[in-house]
Student: 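Sharing a structure below in structure tokens format, with a few things to ask.
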Amino acid sequence: MAKKITKAVIPAAGLGTRFLPATKAMPKEMLPVVDKPAIQYVVEEAVQAGLRDVLMITGRNKGALENHFDRVGELEATLEKKGDTERLEKVNHSTDLAEVHYVRQGDPLGLGHAVLRAHMHVGDEPFAVLLGDDIIDARDVLLSRMIEEQGKRNASIVALLEVDPAVAHLYGVATVEPTEDEDVVRITGLVEKPSPGTAPSNLAIIGRYVLRPEVFGILEHTAPGKGNEIQLTDALMTMAENPDETGGVYGVVFRGRRYDTGDRADYIRAIVQLAVDREDLGPELRPWLKDFVATLD
Ligand code: G1P
């Protein structure tokens, strides 16, 4: 029987060079998406799926991250004195959201290496990995569906999204076989960031994984791959090739709303898409946006 999943691992050690100079003194995970730091959406998603034990893999200059999920006495006292309960609630929400732990990655040797740093904390249990660059719309279900499949199949599960073949080279790409479940496929092959035009399919891994702990032992022996980094995708390929020892790898095909905050244009798109849907901002922004778009031609 598969063990119950309680832990989420969030790699957050990247340097955020694509957003310089904004990320010169601030972690990229703290960039606001509308009015919340990107990382808070990801922690909220983990909590919504029942995972309140969160481990962040961080690095240097990530102090702001830790502060965001901690108390901030002075600010709380000021808001309390003013009777501004609405803002006080917003401040307390991120403090109380989850039990957040931190470990540093040390050397930046790749996503696989970052996940391996979680071994001590996670131990011998299946766990989730959520990458901060991908935001999944809170109105759509993904992680709990993946957790459900992990329990049912006792395998490792990745989230897949059908992407435009022109951008497949930016992702880990899967070769798959259908299963009896319409939204679940069995992974037969994985390749990390294939050269443009060579992707074996248009099914890309988006940054959500529910993994069996065997991944740690495999990561320890995974040689550097693409970009000379230890790739999680390569370790998953080894698991897919050895289903007897590892349970194999399956993909849940996601058809909901996903926002990419990893590069500048996508980040701006994410903010616009999320803001127009908000009750407090949408009514003001929609008509303006329509007028603005009309001026573009
Ligand atoms: C990572 C993974 C890649 C995956 C992507 C999803 O790449 O290595 O397999 O498709 O996340 O966002 P990164 O975008 O961090 O380079």
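In each ligand, atom 1 is the first atom listed, and ligand 1 is the first ligand listed. Scope of the values below: all heavy atoms of this structure, side chains included, with no hydrogens, waters or symmetry mates. Source: prediction; values computed, not measured.
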Student: Quick check on the hydrophobic clustering: are Leu116 and Leu232 connected, directly or via other members, by side-chain heavy-atom contacts under 4.5 Å?
Tutor: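 Yes: a chain of side-chain contacts under 4.5 Å links Leu116 to Leu232.
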Student: I'd like to know whether the aromatic ring centres of Tyr259 and Tyr41 sit less than 6.0 Å apart in this structure.
Tutor: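 No: the rings miss the under 6.0 Å criterion.
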Student: I want to check something: taking the side chain as every heavy atom from C-beta on, are Val115 and Leu111 in contact at a cut-off of under 4.5 Å?
Tutor: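 With C-beta onward as the side chain, the pair touches.
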Student: Starting from atom 10 (O) of ligand 1, find the nearest protein heavy-atom neighbour and note its residue, name and distance.
Tutor: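 Checking every protein heavy atom, the shortest distance to atom 10 (O) of ligand 1 gives Ile205 O, 2.7 Å.
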Student: Would you confirm whether Asp70, through its side chain, and Glu66, through its main-chain N or O, come within 3.5 Å as a donor-acceptor pair?
Tutor: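 Not at all, since once roles are kept as given, no pair shorter than 3.5 Å links the two residues.
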Student: Taking the side chain as everything from C-beta on, heavy atoms only, tell me whether Ile206 gets closer than 4.5 Å to Ile136.
Tutor: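 Ile206 vs Ile136: side chains touch.
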Student: N/O to N/O below 3.5 Å, does that happen between Thr233 and ligand 1?
Tutor: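 There is such a contact, yes.
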Student: Would you please classify the geometry between the His121 ring and the His101 ring as parallel, tilted or perpendicular, with 30° and 60° separating the classes?
Tutor: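 It falls in the tilted class, 30° to 60°.
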Student: Answer with yes or no whether the side chains of Gln40 and Glu44 bring together a donor and an acceptor at under 3.5 Å.
Tutor: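 Distance-only check passes for Glu44 and Gln40.
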Student: Suppose we measure from atom 2 (C) of ligand 1 to each protein heavy atom; which comes out shortest, and what is that distance?
Tutor: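 Looking at atom 2 (C) of ligand 1, the protein heavy atom closest to it is Glu192 OE2, 3.7 Å.
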Student: Measure the distances from the heavy atoms of Leu232 to every atom of ligand 1 and state whether one is below 4.0 angstrom.
Tutor: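 Flag not set, Leu232 not near ligand 1.
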Student: Going by the order shown, which atoms of ligand 1 are within less than 4.0 Å of some heavy atom of Leu131?
Tutor: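 Here the atoms of ligand 1 in question are 1 (C), 11 (O).
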Student: Which of these, Leu236, Asp133, Asp134, has its nearest heavy atom closest to atom 12 (O) of ligand 1?
Tutor: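 The nearest heavy atom belongs to Asp134.
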Student: Please confirm whether Lys193 approaches ligand 1 to less than 4.0 Å, judged on its heavy atoms.
Tutor: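 Under 4.0 Å: yes for Lys193.
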Student: With heavy atoms of Gly172 as the reference, note each atom of ligand 1 found under 4.0 Å away.
Tutor: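 In order of numbering, the contacting atoms are 3 (C), 4 (C), 9 (O), 10 (O).
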Student: Using heavy atoms and a threshold below 4.0 Å, how should the contact between Leu170 and ligand 1 be classified: side chain, backbone, both, or neither?
Tutor: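 It is neither part, as no heavy atom is under 4.0 Å.
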